[in-house]
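Lettering follows sequence order; numbering is per chain, from 1. Hydrogens, waters and symmetry mates play no part in the numbers below; they use all other heavy atoms, side chains included.
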2 protein chains.
Amino acid sequence: MNSYQEAQLDALGDSTRRAIVNQLLTGPMPVGKLAERFPISRPAISQHLRVLKEAGLVLDEASGTRRLYGLNPRAFASLREYFDEFWNQALAAFKSTVEGPQPGEEE
Amino acid sequence: MNSYQEAQLDALGDSTRRAIVNQLLTGPMPVGKLAERFPISRPAISQHLRVLKEAGLVLDEASGTRRLYGLNPRAFASLREYFDEFWNQALAAFKSTVEGPQPGEEE
DNA sequence: AGCAATCGTAAGATAGTACTTACCGTAAGT
DNA sequence: ACTTACGGTAAGTACTATCTTACGATTGCT
């Protein structure tokens, strides 16, 4: 029900950002190191990281001239709960269909 | 790890499609009825439904001249498991950071 | 202080995606 | 058979987001 998931799902709607997140699964990483593993430029990675950060999916920490980015476990716990709840409701909606579909209900 | 989630997250990366999914949470609905509740045209809804269907998030069933669309509970169960697994790994990556961050590990 | 390394941001170009209008096919009703 | 209702598809347009290049700011090193 929360509106946080809106931004999170928007952020995960891009395959490059999902790849970044997967890369961070091995542990925090500075921007440059991260960009080396992708065929796109470092600023592009930086922009993606901003989106992920605004969505709360990643956390950043300055470390000298570098900046480490890592996953935010709480965000993924939140998403898990979201789909847990969603699955329950979807199942209920589905079952009510099988038992008695009322397609032509008026507004 | 499955590639199914790729298409599913792509599909859920659009706010209109998320709104459609939320609408279907109350039960299956024909396309026209669904389109009435949105400020965009029926073909637009139809196109969104195609994306959702290809991602396996919704199921459709012909009913006379109408076509009922409903949520696919299995897809959301799959997403829930995905984030469950993901959360575990993210947590592990996060903990290993706190205990001993190795930022300058060479490629 | 000067230099090198790392990263964020701005501006512009490119590509992708969503939307509309128009059209066609199919099913039900008269 | 004709008409109406419903929905999918095609083509074209508009918008949004992604990417690149260029620049500036901050930190650490000598």
Side-chain angles (χ1 to χ4, degrees), chain A residues 6-24 27-70 101-107, chain B residues 6-24 27-70 101-107:
Chain A
E6 287 287 313
Q8 295 177 346
L9 289 176
D10 262 336
L12 291 178
D14 180 77
S15 66
T16 300
R17 281 195 289 270
R18 285 196 298 270
I20 290 176
V21 164
N22 273 304
Q23 196 60 241
L24 294 179
M29 215 177 281
V31 180
K33 183 78 54 180
L34 201 48
E36 286 176 6
R37 320 201 170 180
F38 289 89
I40 60 178
S41 71
R42 183 191 50 77
I45 299 291
S46 207
Q47 288 160 11
H48 281 303
L49 286 171
R50 174 166 52 176
V51 175
L52 290 170
K53 180 183 174 182
E54 284 174 356
L57 292 170
V58 301
L59 303 170
D60 60 333
E61 179 192 0
S63 168
T65 118
R66 297 187 297 186
R67 181 165 283 269
L68 296 175
Y69 281 87
Q102 58 274 39
E105 188 136 341
E106 217 54 36
E107 173 71 335
Chain B
E6 288 287 313
Q8 295 177 346
L9 289 176
D10 262 334
L12 291 177
D14 180 76
S15 66
T16 300
R17 280 194 289 270
R18 285 196 299 271
I20 290 176
V21 164
N22 273 304
Q23 195 61 241
L24 293 179
M29 213 175 285
V31 179
K33 185 76 55 179
L34 201 48
E36 285 176 6
R37 320 201 170 181
F38 289 90
I40 61 179
S41 70
R42 182 191 51 76
I45 299 291
S46 206
Q47 288 160 11
H48 281 305
L49 287 172
R50 173 165 55 175
V51 175
L52 290 171
K53 181 183 174 182
E54 285 174 355
L57 291 169
V58 301
L59 302 169
D60 61 332
E61 180 192 0
S63 169
T65 119
R66 297 187 297 186
R67 180 164 283 267
L68 295 175
Y69 280 86
Q102 56 272 37
E105 187 135 340
E106 216 55 36
E107 174 78 334

How is B:Tyr69 classified with respect to the nucleic acid when contacts are heavy atoms under 4.0 Å: base, sugar-phosphate, or nothing?
sugar-phosphate
Any B:Ser46 side-chain nitrogen or oxygen under 4.0 Å from OP1 or OP2 of D:dG7
no
Atom CG of A:Leu49 and atom P of D:dC19: how far apart are they, to the nearest Å?
12 Å
May I ask you to verify whether the side chain of B:Arg67 and the base of D:dG7 hold a donor-acceptor pair under 3.5 Å?
no
Are any of B:His48's side-chain N or O atoms less than 4.0 Å away from OP1 or OP2 of C:dC19?
yes
If each of A:Gly32 and B:Val51 is mapped to the nucleotide of DNA chain C with the nearest heavy atom, which maps nearer the 5' terminus, i.e. the 5' end?
A:Gly32
Expressed in angstrom and rounded to an integer, what is the separation of A:Leu52 atom CG from D:dA17 atom P?
15 Å
Main chain of A:Ala35, side chain of A:Arg42: is a donor-acceptor contact present, judged purely on distance under 3.5 Å?
no
Check whether the side chain of B:Gln47 and the base of C:dT17 form a donor-acceptor pair under 3.5 Å.
no
Rounded to the Å, how far apart are A:Leu68 CG and C:dG8 C1'?
15 Å
Nearest-nucleotide pick for A:Ala44, side chain only, options being D:dC19, C:dA18, C:dT9:
D:dC19
Side chain of B:Thr16, heavy atoms from C-beta onward: which of D:dC19, C:dT9, C:dC19 has the nearest atom to it?
C:dC19
Does a side-chain heavy-atom distance below 4.5 Å link B:Leu34 with B:Leu49?
yes
Would you say the side chain of B:Arg42 and the base of D:dG8 hold a donor-acceptor pair, judged only by whether the two atoms sit under 3.5 Å apart?
yes
Under 4.0 Å: is that the gap between some side-chain N or O of B:Arg50 and OP1 or OP2 of D:dG8?
no
Looking only at heavy atoms, which two atoms of A:Gly13 and B:Asp10 are closest? And how far apart?
O-OD1, 2.7 Å
B:Arg17 side-chain N/O to B:Leu12 backbone N/O, donor-acceptor pair under 3.5 Å
no
Which nucleotide wins on minimum distance to the side chain of A:Ile40, given the candidates D:dG8, C:dC19, D:dC19?
D:dC19
Considering all heavy atoms of both residues, which atom of A:Val58 and which atom of A:Tyr69 are nearest to each other, and what is their separation?
CG2-CD2, 4.0 Å
Student check: side-chain heavy atoms of A:Met29 and A:Arg37 closer than 4.5 Å:
yes
Rounded interatomic separation in angstrom, taking CG from B:Leu34 and P from D:dC6
14 Å
Checking D:dA5, C:dT21, D:dT18 against the side chain of B:Thr65 (C-beta onward), the nearest is D:dA5
Nearest-angstrom distance from the residue atom CZ of A:Arg17 to C1' of D:dT18
9 Å
Whole-Å distance, B:Asp14 CG to D:dC15 P, equals 17 Å
Distance in angstrom units between B:Phe38 CZ and C:dT20 P, rounded
13 Å
Atom CD of B:Glu36 to atom P of D:dA5: distance rounded to whole Å?
14 Å
Picking from D:dT9, C:dT9, C:dC7, the nucleotide nearest the side-chain atoms of A:Pro30 would be C:dC7
